[in-house]
Amino acid sequence: MAVIFERTKGLLDVPTHYCPGCTHGVIHRLVAESLEELGVLDRATGVAPVGCSVLAYDYFSCDMHEAAHGRAPAVATGIKRAIPDSIVFTYQGDGDLAAIGTAEIVHAAARGERITTIFVNNCIYGMTGGQMAPTTLPGQVTETSPYGRDVNTAGHPIRVAEMISTLDGAVYVERVSVDSVPNILKAKKAIKKAFEIQMQGLGFTLIEVLSTCPTNWGLAPVEALKWLRENMIPYYPLGVKKDATTGEVK
Amino acid sequence: MAVIFERTKGLLDVPTHYCPGCTHGVIHRLVAESLEELGVLDRATGVAPVGCSVLAYDYFSCDMHEAAHGRAPAVATGIKRAIPDSIVFTYQGDGDLAAIGTAEIVHAAARGERITTIFVNNCIYGMTGGQMAPTTLPGQVTETSPYGRDVNTAGHPIRVAEMISTLDGAVYVERVSVDSVPNILKAKKAIKKAFEIQMQGLGFTLIEVLSTCPTNWGLAPVEALKWLRENMIPYYPLGVKKDATTGEVK
Amino acid sequence: MAEKILMKGNEAIGEAAIHAGCQCFFGYPITPQTEVAAYMARKMPKIGRVFLQAESEVAAINMVYGAAGSGVRVLTSSSSPGISLKAEGISYIAGAELPCVIINIVRGGPGLGGIQPAQSDYLQATKGCGHGDYKMVVFAPASVQEMVDLVQEGFDVADMYRTPVMVMGDGMLGQMMEPVEFKERQGRQLPSKDWATTGLRGKREKHNVINSLFLKPEELEEHNRKLQAKYREIENNEVKYEMYNCEGEVDIVIAAYGITSRICKNAVKMLEKEGIKVGLIRPITLWPFPSKAFEEMCGKTKHGFISVELSEGQMIEDVALAVNGRAPIHFYGRSGGMVPTPAEIANKIKAIVGGAK
Amino acid sequence: MAEKILMKGNEAIGEAAIHAGCQCFFGYPITPQTEVAAYMARKMPKIGRVFLQAESEVAAINMVYGAAGSGVRVLTSSSSPGISLKAEGISYIAGAELPCVIINIVRGGPGLGGIQPAQSDYLQATKGCGHGDYKMVVFAPASVQEMVDLVQEGFDVADMYRTPVMVMGDGMLGQMMEPVEFKERQGRQLPSKDWATTGLRGKREKHNVINSLFLKPEELEEHNRKLQAKYREIENNEVKYEMYNCEGEVDIVIAAYGITSRICKNAVKMLEKEGIKVGLIRPITLWPFPSKAFEEMCGKTKHGFISVELSEGQMIEDVALAVNGRAPIHFYGRSGGMVPTPAEIANKIKAIVGGAK
Amino acid sequence: MAIAKFREERCKGCGLCLEVCPVKIIGFDEKLNAKGYHPAAITEENMKKCVGCASCARICPDLVITVEK
Amino acid sequence: MAIAKFREERCKGCGLCLEVCPVKIIGFDEKLNAKGYHPAAITEENMKKCVGCASCARICPDLVITVEK
Amino acid sequence: MAHQEIIFAGFGGQGILSMGKFLAYAGLDEGLNVSWFPSYGPEMRGGTSNCSVIIDEDPIGSPLVVDASTVVVMNRPSLDKFESHVVPGGLLIIDSDLVNREPERTDIDIIKIPAQTAAEEVGSKKIANMVLLGALVERTKIVPMEALLHALKAHGKEQFYELNKKALEKGAEYARK
Amino acid sequence: MAHQEIIFAGFGGQGILSMGKFLAYAGLDEGLNVSWFPSYGPEMRGGTSNCSVIIDEDPIGSPLVVDASTVVVMNRPSLDKFESHVVPGGLLIIDSDLVNREPERTDIDIIKIPAQTAAEEVGSKKIANMVLLGALVERTKIVPMEALLHALKAHGKEQFYELNKKALEKGAEYARK
Ligand SMILES: Cc1ncc(C[n+]2csc(CCOP(=O)(O)OP(=O)(O)O)c2C)c(N)n1
Ligand SMILES: Cc1ncc(C[n+]2csc(CCOP(=O)(O)OP(=O)(O)O)c2C)c(N)n1
Ligand code: SF4
Ligand code: SF4
Ligand code: SF4
Ligand code: SF4
Ligand code: SF4
Ligand code: SF4
Ligand SMILES: [Mg+2]
Ligand SMILES: [Mg+2]
C-alpha cells in the first residue's frame, strides 16, 4: 500500500496548543510541506509573530525566530540581509500584521524584500481573547466591539492583499482560504508558488490566508468554516491580487 | 485700488525658517487660506510633524500641536475624538508620513477619521540633511543613497495617495503639485475641498502635495521646480485618486 | 456609603476612570490587562464618551497626547512590552506637560517574557521610561479598592501638575476580584486648562500650542529647570506610603509594594508569632519615593531592611538611596511570574535575623 | 602603528564598526548622528556588506534582532527619541540574548527637546530602557579615538556575553573631528555562535530558535536568574574607568563621563593652580558602574564627591549608591544642550570646598 | 482499498474530518483520549468504504491522519 | 494699472516670482536686505507693465508680495 | 473558622468562575474579606479553567491559592493537577460523573457527587456547579447557606434563582450524607 | 604659544568648514592636540556656517570655542555674532569684501583683507578662505606654514594645491603688512 498522505518533515512531531478545529494547524502544514517539497528546509528560517501562532517556533523543524508583536517583517529582513541565500518567511496574524505591524509589512513589501509572508486573517485577535482586529468585519461582535464593529467609530476593515498589491516591491500577492479541501489545495499551491518566487529572488511575496478562530467567534469548528465562507470570503475576495512575474494586477 | 492678493489671517505675521524657494511656504499658505475662507480658523487645530515643517506651530494662527515623528495622525485622532466639532489637520512630510508614520496614516485613513492630512512629498528627508525617503525616486542621489537609490536593495518608492485610496475610510484623496501657478491654484482647490468634506463629517481626506527641497536636492529654487515637474510628476501622477463623495476611484 | 461590589482589578480601573470624568480611552490589547479595554468598550459609548482601540501602543499614547492637549481627561492602559513602546510618547507628554493616566499591569519580562504577574518594570517606570530629564508620578496600588482610589487620584494629580501619572499594578491585581466601592470623592481644587487646544473659539487672542521642542539650548535648559522645579514640588507634596507594624524597635523592615506587600504582611504576622518583630514600609508612590519613611526607620531596625520584590532587585536601589548606608539592606525577589508565599519570605527573614528571639 | 587621521565622531563609529567586522547596519536618520548612516551608506555596499535605512527606529532594532540572531555582527545608531522607540526591541534582544551594538548620540530631551549635546539618557541607558529585569553594557567614550576603541570592544563584549552593548556619546562627540587611528586589535577569544539561525544546512539535528518567551513562570524565572548571573559576571569582569589626579588626599572628587569629563579635567587644572586638589573618576562603563573606584576614594576626599553632568542629576544616583553615605555628594549639571565651561565647574567646586587653601 | 489511520492521542475532536469525508464514515470514539477529547475514528466496518481521498487528512489541523491506499 | 508690493525684509531672494511673472518685470535689488539676500523688486518703470495677475504672490513661499489693481 | 482557601477547577463552560464568584459574594455579604483570582493566559486554550477564592477574617495576601482548604474538581485533569494542593485534613469535592478515577489522598475529607446526574434531576446539567457549591458550603460552613442564596439573588440571573437554589440544596444533601 | 582657539564663520559654501579642517590637520601633523567642531542643526538652514578649531599642547576639553583667540569672519552676520567672542588681545580677521561694517572692538588685533578680490587675483573667488587662513597662520604662528601646506597636500584635492598655496601666501602677505 502506498502512503497517500503523511505528516511533513517540515513540522516537528509534537502536539500543538491550538484550539480544536483552529485552522492555524492546517496553514502550518501547508507552509511546512512547501518548504519540504522545495527542498529548502535546510536553509529556511521562519519568523513567528506574537499571536496564537507565537509558539510556531516549537512546531516548524527549520530554524526559527520569535519576533516582537508586528515586527516579523523587520526581523525577517534582518535575517535575509544577513544570510541572503536563506529562505525566510514570516507567519503573522491580522492583529500582528495589519495593526501594530502595518509599517513593517508595507515597507518590507515596498523594498521588495525577498521574503514570504503568510498572513493569517481570522478577523480577530485570537491570542488575547477575541478583540477587534483591523480585519474584523462590519457589525462583528468582539470583546472590544461589543455592539458589533461600528464602521463609523471603529473604521473599516483593511483588505491587506489589495493594499500591499499597490506597492512595486510586492511581486506576488494572493488571497486564499482553508475553509474546504479544494481551497486548502489552492492555498498550498499559492504558498508554494510564493516560496518559488522567493527562491528566484524576484521580490516580496504575501499570501493572505482566511482562517478560523472557533474559540473567539464562539462557534463550533465546522460552523466556523461556514462562517468564514459566508462572511469573510464575500468581504475578502479570494484570488491572485498581483503577479508581477506575469504582469498581472487585479 | 482693490487688493487682489494679500496675506491670509490663517498665518501669523512672522518670517519662516524655510530655505529660500522651499515650497513648504506655499503649501502653508494654501492650507491657511482654506481654513480662513471656510471660516473655521476659530475651531481648527493643526498638527505639525517632525520634519522641516516642525515649526509650523509657530506659523499657523490656529491652535497647534507638535507631534512626535510620524504620529501626527494619531495625535489628530486624539484631538478630533476629544473635540468632535473641531477641524483638525495634519501637515506631514514624506519621511514623517510614509516611513516612520506608515501605520498611523493607514489606520487613520482606514478608520475614516474625520481629519485632513496635507502630505508634503519632496522625495527626501529635508530636516535631517537630505537622506533617502520612501518616496525618493529610483536613482536619486541622497545622503543615504549616495550611488543613487538602488531599488534592488533600497526598494521602490511608495505612491502614498494610491495606497491610501485602497482604504474604505478614505473618502477624498488627490495628488497635486505646487511647481507652477496653475498647479498651485489646483492644489488650493483640492485642499479646500478636503476641508469641506471634513466639515461634512464624511471621512478621511488626504492631499498629497509634490513639493521642492532646493537645499537638499542641490538645485536653485527655480531649477527645483523644473526637477519636480520633470522627475516627480511622471512618477507620481497628479489628480484625484479617490472621491467617495462621487464614487470615483482611479 | 456606596455599595461594595466584587470587581476585577482591570474592570475597576475602567470604572474608576469613568467616575473621574475620563472622556477618552485609547488602548491596544495585551494580556494581562485586556479587560480594561473590553470594559471601556462596553461602557464608554453608552455614556457618550470615547473608546477607541488604537492600531498599536505607539498610536495609543500619541492619541492620548492629542486628547490631553485638547484638555480632556484621558486614559490608556497596557502591559510591559506595550509600555516600552510608549516610551517616546510618554517623554513627549512629559515634555509638553500634558496630564494623563497610564496604566501598566506588569507581566514578566524581558522581551515577550511571560504573562504572569511581575514587578519588573519598577526601574523603567521610576527612572528610565523614555529619554530626557523627566519623571512621572507612579502609583502602586495593593488592592482593587486602592486601584480605584489611585486611578481617580491619578487624574487629579495629573491635572494639578500637568504631568503623566502611571498607575502600576501586576497581572494579579488586574485579574483578581475584590470588593470595591466607588466613594464620593472630595476632588482637589484644580487649575483651569487654559493652555488646551480647544480652538480659539473667539475667546482667545493667541493660539495655544502643545509642544516639547526648544531649539535654543538656553530655552530647553530653562524648560528643564521648570520641569525640575515641578518635580521637587511633587516630591514635597505627593509622597504616599503605608507603615505597618513600625512602632518601636523592630528586627527588620520589609520594603514591598503592590501585591507583594500583602503577602509580606502575612509573613509579618507569621513572624510575629515566632517572636520576630518585622516592620513594613509600603511605598504607594514609587516616584516620588517615600525616602523619609526609610530614614525614620534607620535607627530603629536591628537588621536593617529587606526589599521584597517580584523582580530581580529594582526597588532596592531606591531603598539604598534612602537608607544611604545607615543600615544593611537585604533582598528577596522572585521573578517571571513566580509569586512567593508568606512562608518563603518569613524563612528568608529568619535566616537574616537569626531565628526567633 | 596606523596613521592618525581626523575624523568626525559619527564617521569614526562607522569605520570602527567596519573594522570590527560589522556585517549589517540598520538605522533611521536623526540629528545629531545622521553621519553614521551616511558613512555606512557610502562604505558598506563597496565591501559587499549591508547598509539598510529602515522605515523607523522600531523596524531598525528589529532588523538588528533578525541579523544578530543569524549570527552576524550588526550595528544600529540613533539619538534619544529614537532610542526610546527601540526600547521594546532592546528588551527583546536582551531577553533572547543576542549580541549587537547600539549607538546613542544623546541630544537634549524630554520629548522632541533639542538637537544639541546632552547626557540626559543616562538613567534610560543604565536602568530602564525597556521592560523587565535586564541590563545592557553601556560604554561612554570621551574622545573620538575612544569612540573607535569602544565600538570595537563593544562588538567583542556583545559576542562574549550575548548581550546588547550601547555606546553612548553626545552631539558634541558625534559632530567633532579629532585625530584617530585604527589600531590592530588583539581580539578576545570568543565563543562560537552555534545558537544562530543560519539554517540547519545539514550540520545540525535540532533547529535553532531565537526567542524571549517563557510561558511557564518557573522557566521564565530560571531564564531571569541565568541573565542575572551573566550580569554579575559582567560586573566582575568588564568595569572600565579612569582615575585622574586621584593620588593621595584630595579636596573633592568629580564624577564625570564622556565629553563632560574633558571639561572637568580642565577645571581640575585650573583649580590645581589655585591650590585646590581635585580628583576625577571617569566611568567608561556606565553599566557596570565603577563603584569600587568611588569606594576607594571615600576615605580620601575632604569634601566628598560632585557629579558633573549634562543632565539634571542622573548619574548622581549611581554615585550615591557607590558612596553609600560615606561622604557627601554634590551636583552640578547643565541641560538642554548647554555645555559648562571649566571656569563654571571650578567656581562651583570652590563654593563647595571654600576657596583656595 | 484505502486506510485512514488516526493518531488518536493527537486528536482534538474538532470534527472537521467528519464534515469533509465524502463518504461520511468518520465518527467520534466513545472513550476520551488523554487530552480529554472524544477522538475521531472509523469503525472497521466503515473503513471499507474509505476511498482514500485524503480529504480528512488535509483538513485536520492536528495532523492526526495518515492515508494509505 | 496694478501694483505688486514687496515686503522687502521678508524676501529670501529665491527668484520664483521672477520666473512666473508673465511680463518678466521683477528683478533683484542690488542691496542686501537684513537677512542678507538681494530682495526681489520691480523698478518704477517696470511696475507700469504689471498686469496684476498675482502669479508672483501666489508662488512666493514667503508671502512677500501683495498685489493691488 | 473564618479562613478558607478554595480552588475550583474544571473545563471552560462549566461555570467554574461563577461558582467562585457567588461564594466570594456570600463571604462579602458576611462582612468577611474575600478575593477571587482566575487562571489566565494561554492555558485557557486547552479548555481548562480554574479560580482561587479566599475568604478570611483577616486581610488577604496573595489571592492565588496554593495550599487549599478545599478543592472542587469537575474533570479529570483538574483532579490530577490539584489533588496534591489540598492541605492535610482539607476537603476535596469531585464531580464523579466527570472524573473517571479515584483520588489517591487518604489524609483528607472527600465528597464524591454525581453532579451531572444530580443537576439533571433538578432541571439542567448546566447547574452541576451549584450542586457542588452547595456541598461545599454545607460541609465547610464557610458562609451560611442563606448568605449564598442572597448572593445568588443579588448577583445572579433572576430566572435561574429557583433552579440554582434547588441545586444548592441538592448538593448540601450530598454533603450531609 | 601652543594653545589657540579659533572660530571660523561665514555662509555655507565659502569653505568655512574646510578652512578649519586644514588648520587642524596642520596642528595634528605638528604633534599637537587638535579638535574641530561645526555648528550643526537647523541654524544651517539660514545659510550660515561656522566651526571651532582648538590646537593645544595639552589635552582638549570641550571642542566648542567660546572665548576665541582668533575669529575669522566671512560675512556680516558672523561679525555681529562673534566679534564679542574674541579674547582681549586676540585676533579678528575679516573678509572686508563681504563685511560692510567696521568692527567695534579696540582691544584686539584686527586684520581686514579684501579676500574676494585677493583670491580672484590669485585665480578664483572660491579660495578666499585660503587667503584668510594664510593670514591667520602667518600672524599667529600657531603652526608653521609648511605644516599647513603639507596638510593641504595630504588632505586636499591635488588639482587645487598650487592655487591654494598661492592664496595662502597672498594672505600671509596681508598679515605681514
Ligand atoms: C507590543 C505588544 N502589544 C500587544 C501584545 C499582546 N498581543 C499578543 S497577541 C496579540 C494579537 C494577536 O492577534 P493576531 O495577530 O490576529 O493573531 P491570532 O491570535 O488571531 O492568530 C496581541 C495584541 C503584545 N504581546 N505585545
Ligand atoms: C523618532 C525620531 N526619529 C527621527 C527623527 C529625526 N528626524 C527629524 S525630521 C526627519 C525627517 C523629515 O523628513 P520629512 O518628513 O520628509 O520632512 P521634510 O523635512 O522633508 O519636510 C527625521 C528622520 C526624530 N526627530 N524623531
Ligand atoms: S484562540 Fe482562535 S486563533 Fe487562537 S488557537 Fe484558538 S481558535 Fe485558533
Ligand atoms: S531643507 Fe529642503 S524642505 Fe527643508 S526648508 Fe530647506 S528646502 Fe525646504
Ligand atoms: S480518506 Fe477520504 S474517504 Fe477515507 S476517511 Fe478520509 S475523507 Fe473519508
Ligand atoms: S480533524 Fe483531526 S483533530 Fe479534528 S476530529 Fe478529525 S482527526 Fe481529530
Ligand atoms: S502681479 Fe503678475 S504681472 Fe504683476 S509683478 Fe506679479 S506676476 Fe508680474
Ligand atoms: S518669490 Fe518671494 S521670496 Fe522669492 S524672490 Fe520673490 S519675493 Fe522674494
Ligand atoms: Mg487574528
Ligand atoms: Mg520630505
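Every chain is numbered from 1, with letters handed out A, B, ... down the list of sequences.
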K.L.:
For atom CD of Glu272(D), is the number of surrounding heavy atoms from other residues, nucleotides or ligands below 6.0 Å larger than 12?
P.N.:
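Counting other residues, nucleotides and ligands, CD of Glu272(D) exceeds 12 neighbours.
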K.L.:
What distance separates Ile115(D) CD1 from Tyr40(H) OH, expressed to the nearest 0.5 Å?
P.N.:
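Interatomic distance, Ile115(D) CD1 to Tyr40(H) OH, rounded to 0.5 Å: 6.0 Å.
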K.L.:
Check this for me: Lys177(H), atom NZ, are more than 12 non-hydrogen atoms of other residues, nucleotides or ligands nearer than 6.0 Å?
P.N.:
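Correct, the count exceeds 12.
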K.L.:
Answer yes or no: are there more than 12 heavy-atom neighbours, outside His150(H) itself, under 6.0 Å from its atom NE2?
P.N.:
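12 or below, so no.
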K.L.:
Is the count of non-hydrogen atoms from other residues, nucleotides or ligands lying under 6.0 Å from Glu158(H) atom CD greater than 12?
P.N.:
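Not buried by this count: 12 neighbours or fewer within 6.0 Å.
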K.L.:
Between Ile60(H) and chain D, with a heavy-atom cut-off of 4.5 Å, which part of the residue counts as in contact: side chain, backbone, both or neither?
P.N.:
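Both backbone and side chain.
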K.L.:
Heavy-atom count check: over 12 atoms from other residues, nucleotides or ligands less than 6.0 Å from Lys240(D) NZ?
P.N.:
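It does: Lys240(D) NZ has more than 12 such atoms within range.
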K.L.:
Below 4.5 Å from any heavy atom of chain H, which atoms of Ile259(D) appear? Answer side chain, backbone, both or neither.
P.N.:
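Only the side chain of Ile259(D) comes within 4.5 Å of chain H.
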K.L.:
Residue by residue, scan residues 29-36 of chain D and write down, ordered by number, those that have a heavy-atom distance under 4.5 Å to chain H; if none do, write 'none'.
P.N.:
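Answer by number: Thr31(D), Pro32(D).
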K.L.:
Should Trp36(H) and Lys8(D) be marked as a side chain to side chain contact (heavy atoms under 4.5 Å, CB included) after you check the CA-CA gap, both sets of side-chain angles, and the distance that decides it?
P.N.:
CA-CA 8 Å; Trp36(H) 173 100; Lys8(D) 264 199 166 194; 3.8 Å; yes
K.L.:
Does CD in Glu247(D) sit with more than 12 non-hydrogen atoms of other residues, nucleotides or ligands closer than 6.0 Å?
P.N.:
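Yes, CD of Glu247(D) has more than 12 neighbouring heavy atoms, counting only those of other groups under 6.0 Å.
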K.L.:
Below 4.5 Å from any heavy atom of chain H, which atoms of Pro340(D) appear? Answer side chain, backbone, both or neither.
P.N.:
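It is neither, since no heavy atom gets under 4.5 Å.
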K.L.:
So, taking the atom named CE in Met172(D) and the one named CG in Leu64(H), what distance separates them when rounded to the nearest 0.5 Å?
P.N.:
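Met172(D) atom CE to Leu64(H) atom CG measures 4.5 Å (nearest 0.5 Å).
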K.L.:
State, to 0.1 Å, how close Pro179(D) and Val34(H) come at their nearest heavy-atom pair, and which atoms those are.
P.N.:
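For Pro179(D) and Val34(H), the tightest heavy-atom pair comes out as CD-O, 3.5 Å.
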K.L.:
Report the distance from atom NE2 of His155(H) to atom CD1 of Ile5(D), rounding to the nearest 0.5 Å.
P.N.:
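The distance works out to 8.5 Å.
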K.L.:
Kindly check if the number of other-residue, nucleotide or ligand heavy atoms within 6.0 Å of NZ (Lys277(D)) is above 12?
P.N.:
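Yes, enclosed.
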K.L.:
Roughly how far, to the nearest 0.5 Å, is OG of Ser62(H) from CE of Met176(D)?
P.N.:
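The CE atom of Met176(D) sits 7.5 Å away from the OG atom of Ser62(H).
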K.L.:
Can you tell me which portion of Leu173(D) sits under 4.5 Å from chain H's heavy atoms? Options are side chain, backbone, both or neither.
P.N.:
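No part of Leu173(D) comes within 4.5 Å of chain H.
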K.L.:
Once rounded to the nearest 0.5 Å, what's the spacing between atom OG of Ser52(H) and atom CD of Gln175(D)?
P.N.:
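Answer rounded to 0.5 Å: 12.5 Å.
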K.L.:
Could you give the distance from NZ (Lys269(D)) to CG (Asp58(H)), rounded to the nearest 0.5 Å?
P.N.:
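Taking NZ in Lys269(D) and CG in Asp58(H), the distance rounds to 4.5 Å.
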